[in-house]
Number of protein chains: 2
Amino acid sequence: MPKAKTRTPALRERLLAAALEIVERDGVAALTARRLAAEAGTSPPAVYELFGDKAGVVRAIFFAGFAQLGAALGELRDGEDPLEDLVALAQRYRRFILERPALAGVMFSRPFASFDPAPAETAAGAAVRERIVGAVRRALAAGRLHGDPTDVAHACVALVHGLAAAESARRLGSSAAAVERRWDVALRALLRGFGGG
Amino acid sequence: MPKAKTRTPALRERLLAAALEIVERDGVAALTARRLAAEAGTSPPAVYELFGDKAGVVRAIFFAGFAQLGAALGELRDGEDPLEDLVALAQRYRRFILERPALAGVMFSRPFASFDPAPAETAAGAAVRERIVGAVRRALAAGRLHGDPTDVAHACVALVHGLAAAESARRLGSSAAAVERRWDVALRALLRGFGGG
DNA sequence: GGGTAAATCGTAACAGTGTTTCGGATGTTT
DNA sequence: AAACATCCGAAACACTGTTACGATTTACCC
């Protein structure tokens, strides 16, 4: 038999952690196969065995980012007012972008890429979407919103995603106060339009 | 004296046209200095003399994209109902993004960290912003909407981007009718939330 | 006209990238 | 100890952004 394998799932996790660190420390441009391998104490071919290609590394970062965002949203507890829960979700969403700008850049950098129909990509954001959709459903059940649940949920998710992408590209305004106000104004307007107070 | 210069503004325009074609045909990853130079019948150093560096080429595409979007929106004529004008603008915006996903990707993602879209978009997107904010202002003047025009415009644009991202990821619904309805429902809810009837 | 000088162009080079090959190292088995 | 199967990473390959520099072309001057 051969010698013991070191290119294991454990090494994959170490590489992914190193990749996230490189991206957050030096930006996505600094993420190269050689640097990543060195940072994790291995060699470039290991990266290719474990991730396929460089796009695979970026894809893994993309997944990890949405997983972390989903976890952050999951920490929020449901309150009395489902509408305020939705606002709180949006605020947490925004805080994530502010705290991890480089990671958010990777997550929102391919806005309309004519991706190959990648079901995995949509799976990445499933937890995030689920959280928002759940709050919408509760608001509908409480009579605070009206309309088709799926339509309302899609609209809310789209607006939050659009605001996140805009802020991540620094396109939502120059002053922090203006950006924050725009999140609030936009979200409350949409909720009001769906019958919310 | 020297020989006649060929790296003129005219060549710059030919290069820019070739760059747009490459991006739309093969994606932004296929845009390399050598390919671009070959496509325009010149050599790589010409690209660097006329655009500075590769980021300069991308920046030029960014500007050209907003000019084209501004022209597309400019073709729409004002109607009687400012709210319907806004809906029509959104639909045209949507069509642009879906018809030219690669170009839209360059325009609405942050291609380079050193390239801050905020001030650049101020210059490039002037016509676009003018068109949307103008329609919002008319709606405000007609008493059909309420709020800060810039805030309202940003909210509309964010929603449009979010819906476009969802649609191009095939996440907005399976049937064309459902997708269409969701665009309409979401947009009209937002306008309603801003005081539109 | 011939020679000089200036200015332009594109070839070729440099460093660094993603990616793959392959020879040597490693451990197991007989 | 010898044979063997397997794994790893140094090195190679094609390509990238970018730049230095020699070849080439033109205008001018004597």
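Residue numbers start from 1 in every chain, and the chains themselves are labelled A, B, ... in the order their sequence lines are given, proteins ahead of strands.
- Under the side chain to side chain contact (heavy atoms under 4.5 Å, CB included) criterion, Thr32(B) pairs with Arg34(B), Arg35(B), not counting sequence neighbours.
- Evaluation of the side chain to side chain donor-acceptor pair (under 3.5 Å) rule for Arg131(A) yields no partner, not counting sequence neighbours.
- One atom, CG of Leu36(A), and another, C1' of dG9(D), lie 15 Å apart when rounded to the nearest Å.
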Check against side chain to side chain donor-acceptor pair (under 3.5 Å), Trp183(B) and Gln91(B): CA-CA 9 Å; Trp183(B) 271 89; Gln91(B) 285 171 342; over 6 Å; no
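- When the side-chain nitrogen and oxygen atoms of Thr42(A) are compared with OP1 and OP2 of dC8(D), none of them lie within a distance under 4.0 Å.
- His154(A) meets the ring pair (Phe, Tyr, Trp, His ring centres under 6.0 Å) test with no other residue; sequence neighbours excluded.
- Side-chain contact check for Arg25(A) versus Glu39(A): some heavy-atom pair is nearer than 4.5 Å.
- The pair Asp81(B)-Arg144(B) counts as a salt bridge, with a side-chain nitrogen and a carboxylate oxygen less than 4.0 angstrom apart.
- Here the P atom of nucleotide dT28(C) and the NZ atom of Lys5(A) are 16 Å apart, to the nearest Å.
- Under the 6.0 Å cut-off for aromatic ring centres, Tyr93(A) and His161(A) do not qualify, their centroids lying 6.0 Å or more apart.
- Listed by chain and number, the residues in a side chain to side chain contact (heavy atoms under 4.5 Å, CB included) with Asp26(A) are Ala30(A) (sequence neighbours excluded).
- Between Arg7(A) and the phosphate of dC8(D), there is a side-chain N or O to OP1/OP2 separation shorter than 4.0 Å.
- At dC8(D), one or more side-chain N or O atoms of Thr6(A) fall inside 4.0 Å of OP1 or OP2 (strictly under the cut-off).
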Just by protein heavy atoms under 4.0 Å, how would nucleotides 15-24 of chain D read 5' to 3' in B, S and -? -BBBBB---B
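- Across the protein-nucleic acid pair, Glu49(A) atom CD and dT21(C) atom C1' stand 14 Å apart, rounded to whole Å.
- The terminal axes of the helix from dG1(C)-dC30(D) to dT30(C)-dA1(D), fitted over 5 pairs per end, subtend an angle of 40° to the nearest 10°.
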